[in-house]
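Here the structure is laid out as C-alpha cells; the discussion comes afterwards.
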Amino acid sequence: MGQQTQTTPTKKPHQTLVFAVNGERFELSELDPSTTLLEFLRSQTSFKSVKLGCGEGGCGACLVLLSKYDPVQDKVDDFTVSSCLTLLCSVNGCSITTAEGVGNSKDGFHPIQERFSGFHASQCGYCTPGMCVSLYSALINADKTDRTGLRPGFSKLTVPEAEKSIAGNLCRCTGYRPLVDACKSFAADVDMEDLGFNSFWKKGESEDIKLSRLPPYNCNNATRVFPEFLKTVIKAGFNLESEGCCWYSPGSLVQLQSLLQTDEVNDGTSMKIVVGNTGMGYYKELGHHNKYIDLRYIPELSIISKDQTGIKIGASVTISKAIEALKDENDSGINHEGKLVFEKLADHMERVATGFVRNSASMGGNLIMAQRKHFPSDISTILLSVDTMVDILTGHRHETITLEEFLGRPPLVSNSVLLGIKIPCWKSRRDISSKTYTKLLYETYRAAPRPIGNALPYLNAAFLAEVSLCKKSAGIVLNNCRLAFGAYGTKHSIRARNVEEFLSAKLLNFGVIYEAIKLLESTIIPEEGTSSPAYRTSLAVGFLFEFLSPLMNSYTDISKLWFDEYNSDLLSNGSKIKQNCDQFNQIKSPALLSSAKQVIQLNKDYHPVGEPLTKVGAVIQASGEAVYVDDIPSPRNCLHGSFIYSTEPLARVQGIKFKPGSSPHGVSTVISFKDIPGENIGAQTIFGSESLYADELTQCAGQRIALVVADTQKNADMAANLAVVDYDKKNLEPILSVEEAFEKCSFYEVPHLLNPEPVGAFSKGMAESDHQILSAELKLGSQYYFYMETQAALAVPDEDNCIVVYSSCQCPEFVHDTIAKCLGVPSHNVRVITRRVGGGFGGKAIKAIPVATACALAAYKLNCPVRMYVNRKTDMIMAGGRHPMKITYSVGFKSNGKITALKLDILVDAGMSADISPVMPHNIIGSLKKYDWGALAFDIKVCKTNLPSRSAMRAPGEVQASFIAEAIIEHVASSLALEVDSVRNINLHKFETLKLFFKTCAGEPLEYTLPSIWDKLAISSNFYHRTEMLKEFNRCNKWRKRGISRIPIVHPVILRATPGKVSILRDGSIVVEVGGIELGQGLWTKVKQMTAYALSLIQCAGNEELLEKVRVIQADTLSLIQGGFTSGSTTSESSCEAVRLCCNILVERLTALKEKLEEQMGPVKWETLILQAYMISVNLSANSLYVPDFSSMQYLNYGAAVEINLLTGQTTILQTDIIYDCGQSLNPAVDLGQIEGAFVQGIGFFMLEEYPTNSKGLVVAEGTWSYKIPTVDTVPKKFNVEILNSGHHKDPSGEPPLKLAASVHCAIRAAIKEARHQLHSWGGLDESYSTFQLQVPATMPVVKELCGLENVQRFLQWTIGSKQLHSAGGTV
C-alpha cells in the first residue's frame, strides 16, 4: 500500500442508530456514545435478562446474541457478545436477542430453558440467562453446518461443542455438572446414559422413552428470523453527534486520517478508537471521551486473504474470525507444514479469553494493547514466533515492520493506526543431496489457572524449529529455531535470541538441552514486583524441555519414524515421539466433565415431600423473567449511589473533594456521617454494630466514608473514583495482622455460651504418646463470596415519613432494624422487601445491611428514590470474606498413628468490627471434632484488626477446621512414614468417643452412620484398587503424578427459630410466607412441597393438584416478623417446619367443616371446601413461629483423585466420589445441586482463589481478571454423588459438602509427595522431603514450587551424570 496524500473531510454526523432487540425496532438519534448495550437494555427496555456480573466481559451474565446481515452473501452471522462491553453505537443494523427473545412465558419457552430447568441446572438463577444465550448461539451456528446423519430430535452440535458452549460463563451455585448435562442433551452424538439426574425420565428407561420426554428440539425452526426492516439499513458506517460527543465510522483510510489529524491538537486525550471495546474490560475508563472512531467499516482493516505466501489479517478482524481463517481448509496453495502452523496458532487463540470476547475483540486491538500498555498478550507471543509482519499508518506514512520491532518501539502515538498483519506460510528446507532429512516443528504453550481460557497466563511461549535427522551423527540436529516468550512480567513478548543462537546447528542431547536451559534461566527474568517470578522462569524452562526432550529418542526409533512419516507431522497423534511427548503434556484441549453418576434414594411416603421436583422459578430464571432487586424498574426521579471508601487502614478524615480538573457528571450530592439523623449504624448483630460511615477516624482500608449520589449508576461510580480523601495519619498505628493484635491484646469477647469446652486432659494424652510434633504452624487466607449478583438495594420514600426498601439480603429483619435506628424513626415506618437473591453464601447477610441503609438514608434525606448496584471492584474491597487465621498446634501420637492429644492455638482475623466473628471458636471446634484426638485443648483468640470486618461465608470456621484436621493427620502420617488413609481410619470415632466429644448431641448408636459410609465409599469408588493403579501410574510417569484421598466429615447442625404464614384464598390457591430467603438453595421449592403435603392431610378429592395451587411469596418485614437469618443451610428445613405447623392449624380448622360436607354430599373437592369455609368465615390464615428444641448432627465423607503436571503445577481433578447422608431429604434434586455446588466452591478455596491485599490491607484483586473461581474446565472430570436417606434426621446440604473439598487438597499433597520422592532420587531434596506444608489455596505456583522449581535441571544433571557413570563402566 502506497502513501496516502489525499484527505477528504468527514461529513458532519447526522444519522440515526437503528437496531432490533428481540424483533422490536429501536431508532435513536440522541445518545451518549459511551453508553453500553447493557446500560441501554436495562434502563430503556423491559428486557432485564442481561445482568451486570463483572463489567469486564469475564463472567457471561450479560450475554446477548448479536446477528448481522451480510447483503453480499445474503446470510446472517450470529455470535454472542458481552453487552457490558459492547457500545450501543456499534450495533447499528444489528439484531439483538436476549434470553427473553430465546423464549419466555408469554410466547413459550425454548427447549433450552425447559431443559435447564429439568436438569436442575439453575439455582440462584443470576447466571442462567447468559448460559442459555451461550448454548442458543452454539445451536444456531451448529445447525448452519452441513453435517449429516443426525438423529431426530437432536441438533448438529457435538458433545465437545456442547460442553464448551458455556466454557466462558461463570456459575457460583451449581458446580456446572447439571449445566453441562443440559447442554449435552442437544448433542447429536450424546450417550443418553451419560446425562445426569433430571425430571424428564427415570433411571433404566429406554433411550426412545428418554428422548420422547425431553422438551422437543427441531433445528428447522430453532433460529430466529432476522428482521426484514434491518436488511435495508445502510451498512457503510454510522455517524452520530449528541451533546458534544461524536461517533464516527469512517469508510476509508482517507477519512480516518482526517479524523486523526483533527485530534492531534489535544494529543488524543479525548479520542477513543474502537472495534469491539473489549479493552475496557481490562483497562477501566475513569473519564469521558468526546470522540469515538469505529474502525470496522474500513475495507483495508477488515481484510482476510490467504495464499501460498501466508495470510493477511486486517487489524479490525475479530479474533474469532482470525481463528476461522487460520483453520480454513480450503486449498490456497499452502503446504502441509504451513497448515500445521496455522492450525496450532488457531488452537492457541481458542484458549485466549472467552468465545464471546473473541467474537468482539480485534487482532489489532490486542496487539495495540500489548504495544502501548504492555498487556500480557498471548497473541503477540505466538505471532512473534512465526516472524509476523505488521503494517502501520502514521499520518500519511505507511511502513511494514516485524512484529518484534513493533513491540520494541515506544508506545504508538495517537495518530498511528495498526492496519494489519501478515503471517508467513512456513515450510522446511529439504536438501536431498546433503543426505539429511528436515522437518518443521511448531508448538505453543501457556500456563494459566484455567486450562481452556478465560484466565491470563503466568507465562506463554511458542517455539518454531527446523530439525534434521542426521545419519552421520545418529541423531537430530536443530538447524534453527524461534523461541518466543511472553506474559511473564515483562513489557512485551520477546524472542530468546541468545538461546536460539546457542541451539542453532547443534546435535541435540541432554547436555545441549541443559546448557540451553541454563542460558534461558538468565534470559526470562520477570520485572520487579511480578508475582511468583521464580515460578514463571521455571515455566519457560519446563516448556522448552517439553518441546525438545521428545527428540531424545533412540536413533533407531527416530529414523524409522522419520521415513515412515516423512510427509506427516513429526508429532502426529500416532507417533512414538508424540507418545513420549504426552508424558509431559496434559491434553491441550482437555475434555471437560466426562462422566457423572448420581445415586438417589427416593421417599414417596410423604408426597410430594421427598420427591425430586424441579426448582420453583427455574424456567423463568432461564428466560430472564425472574426479578432481582436491580431488575425492579427505577421509579421516577430515581438517583444512584456509589461508595467512597478509605484507602488507609487507620487515619483521620480531613475532607473529601474531587480530583483537580475533573468535572463529575450528574452528581447531586455527597452524603457522609454528618447527614445521619439517627445513629451512625450500618450493620448490627447480637455481638455489636458497625458504623455506616467513618466519622473522624477510618478503621480500615475499604471502610465506607461517604456516598456519591448521581443521576446514573455509571456517573456515580465514576465520581466515586474521582474522589480524593485528605487523611491525617499522625501518631496512628494500625493493627494489620493477627500477630500484631496478639501483641497488643486486641481481641473481641466471645460469649461464654459460644466458648467450646476442652475434651480430656491434654498433658495426660501427651504423656501417653510415643511421638510428638510441637508448635507446628499453619496459615489460612480469606476467600471472596463472588456471588454473581453484587450487593443491591432500592429505597423509595413513602407517605407519612415512611420508607420502603428492596434489598438483596439474607436477613431482612436486621436490615429493617438498622435502617430504623439510622433514620431515627419507629420500626413501623420502615418496610424491607426481599424476593430473591442472586447468590449469597453468607455475603448477603450482614454485609448487605449497609448497602440498604445507605440507600435508605440518601432517599430519606433527598426525598426521592435512591438505588445502588455495587460494582464488582468495590464489592470485593468491602466484602471482607472468609476469616483468615493462624494456627499453631502440638500433637502427640502412638507409633501406629493413633493420636492421643492435640492442642491448638488459633488467631482468627475478625477485622474492624465483630460481625459474627465471636461464633468462630464454636464452629471451628465443632467441625474439628470429627476425629478422636484423645484429648483436645485449644485457645482461640478472635482478633480485632484494622482490616475489613470478616463475615459469615459458607461453612464459616468449619471449612478451615476441616483443613486443619486433615493437615494434622497428614503431618502425623508423614512423620511416621505411614499411609495417611490408615492414620485417618485409626482416628475415626467409635460411638463411645463420639459421645465424649459431642456429649448431648451425639444421638443414638444407630444414628452414627459414619463408619458404614466410610466403608461403603471404599467399595463404591474402588478406592483400594485405584490406589494401586495410581502407584503404578506414578512409577511409569516422570512428569505427571497422581494422588488420592478420602476424608470424613462430622457436621454439627443447630436449627434457628423461623416464622411461617399460610393463607388460603377464596379460589383454593394458597399463599405462603416464610422467614427464609430464596438464595438459590431451593427453599421455596421445599416449602411448597411441605405445604402441599401438610394440607393434603385434610384428604379432599383432588388433593394431588394442591402442589400447583401453592405460591411462596417474597419476604416482607411488616407482614412476617422475626424472620431472622437465612444461613447455616438449615433455614429451608426450619421454614418447612414452620409451614407445617401453620398447615396443621388450618387442617384442624377445616376438618369439622369437611366432615359435615361429606355427610351432606359425599367426597368434597378442595375448592368446594374452601368456598364453604369462606362463606361461614373460617379463619384461613395461620401464623406460626417454629422454635427448635434440639440440635442434630450429620456425617459425611468423601474421596478424590487428582493429577498434577510437574512442569507447570497444573492440577486436574480426575474423579470425585461423595456419599452424603442427608437423613430425610425434602427434595433430593435440590440437595444434589447444593452438594455439587458447595463442593466446587470448596475447590475454589483450596485450589484457586487468592484474595490478596496491599501493605495497607486494601484488597487488590479486581474482578474476574485476577480472582479466579472454578469454571467448567476446573471441576472434577468424573463427579459421582450418592445421597443416602438414613431417616435419622433432616440435614443441610449447602455447607457441609464445601468442607469435603479438603480432600482435593489432600490428594494434591499426595501427588506432590510422589514428585518430591522422585526429586529426592535425583538429588534435588534432602531426607526431609516427605515433610512439607501445602498452603491454601494450592495454586499452580505453590504446587510447582513444592514439586521443584528446578526439577528439570535436576533431572538433566542426574541423567547426564548417569550416562557418564555408565560410559565409565559404573552401574546405575
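Computation of the quantities below employed the complete heavy-atom set of this structure, encompassing side-chain atoms and omitting hydrogens, waters and symmetry-equivalent molecules.
Formation of a donor-acceptor pair under 3.5 Å by the Lys75 side chain with backbone atoms of Val72 is not found in this model. One N or O on the side chain of Asn92 and one on the backbone of Val18 form a donor-acceptor pair closer than 3.5 Å. With Thr354 contributing its side chain and Asn454 its backbone, the two residues share no donor-acceptor pair below 3.5 Å. Between the side chain of Arg151 and the backbone N or O of Val190 there is at least one donor-acceptor pair closer than 3.5 Å. Judged purely by atom type and a 3.5 angstrom limit, Asn239 uses its side chain to pair as donor or acceptor with the backbone of Ser249. Counting only distance, with no hydrogens or angles, the side chain of Glu625 and the backbone of Ile620 share no donor-acceptor pair below 3.5 Å. Not one N or O on the side chain of Asn359 forms a donor-acceptor pair closer than 3.5 Å with the backbone of Thr318.
Of the inter-residue distances, the one linking Met192 atom CE with Leu211 atom CG reads 5.5 Å to the nearest 0.5 angstrom. Taking OG of Ser380 as the reference point, atom CD1 of Ile368 lies at 12.0 Å (rounded to 0.5 Å). Rounding to the nearest 0.5 angstrom, the gap separating the CG atom in Asn104 from the CG atom in Asn22 is 8.0 Å. Atoms CZ and CG, from Arg358 and Asn366 in turn, are 12.0 Å apart once rounded to the nearest 0.5 Å. Remark: Phe116 CZ to Ile166 CD1 distance equals 6.0 Å, nearest 0.5 Å. Remark: Ile140 CD1 to Lys156 NZ distance equals 13.5 Å, nearest 0.5 Å.
Between Phe40 and Phe19, the ring center distance clears the sub-6.0 Å criterion. Within the 6.0 Å centre-distance limit, the rings of Phe200 and Phe119 are counted as a close aromatic pair.
Salt bridge annotation for Lys210-Glu207: absent, with no cationic side-chain nitrogen under 4.0 angstrom from a carboxylate oxygen. Between Lys422 and Asp391 there is no salt bridge, since no side-chain nitrogen of the basic residue lies less than 4.0 Å from a carboxylate oxygen of the acidic one.
Residues Pro215 and Tyr217 have side chains not in contact (no heavy-atom distance under 4.5 Å, counting atoms from C-beta outward). For the pair Val50 and Ser83, the minimum side-chain heavy-atom distance is below 4.5 Å. The side-chain heavy atoms of Ile112 and Phe186, taken from C-beta on, include a pair separated by under 4.5 Å. Two residues are said to be in side-chain contact when any heavy atoms from C-beta on lie closer than 4.5 Å; Arg351 and Arg446 meet this criterion. Within the 4.5 Å cutoff, the side chain of Leu63 has heavy atoms near those of the Asn169 side chain. Within the 4.5 Å cutoff, the side chain of Asp378 has heavy atoms near those of the Pro457 side chain. For the pair Leu253/Ile298, a side-chain contact is recorded, criterion being any heavy-atom separation below 4.5 Å from C-beta on. A 4.5 Å side-chain heavy-atom check between Leu88 and Leu28 finds at least one atom pair inside the cut-off.
A pairwise comparison of heavy atoms in Thr1264 and Cys54 identifies CG2-CB, 3.7 Å as the closest pair.
With Lys615 as the partner, the side-chain hydrogen bond (donor to acceptor under 3.5 Å, both in side chains) test is satisfied by one option alone out of Gln123, Gln621, His120: Gln621. No option in Asn141, Leu135, Thr145 other than Leu135 meets the side chain to side chain contact (heavy atoms under 4.5 Å, CB included) test with Leu157. Between Asp77 and the options Lys68, Lys321, Lys144, a salt bridge (charged side-chain N to carboxylate O under 4.0 Å, His left out) holds for only Lys321.
Taking the six-membered ring where tryptophan is involved, the planes of Phe375 and Tyr282 are perpendicular, since the angle between them exceeds 60° and thus also 30°.
Remark: Glu27 CD is packed, more than 12 non-hydrogen atoms of other residues, nucleotides or ligands lying under 6.0 Å away. Taking a 6.0 Å sphere around CD of Glu205, one finds it holds more than 12 heavy atoms contributed by other residues, nucleotides or ligands. The number of heavy atoms from other shown groups lying within 6.0 Å of NZ (Lys312) does not exceed 12.
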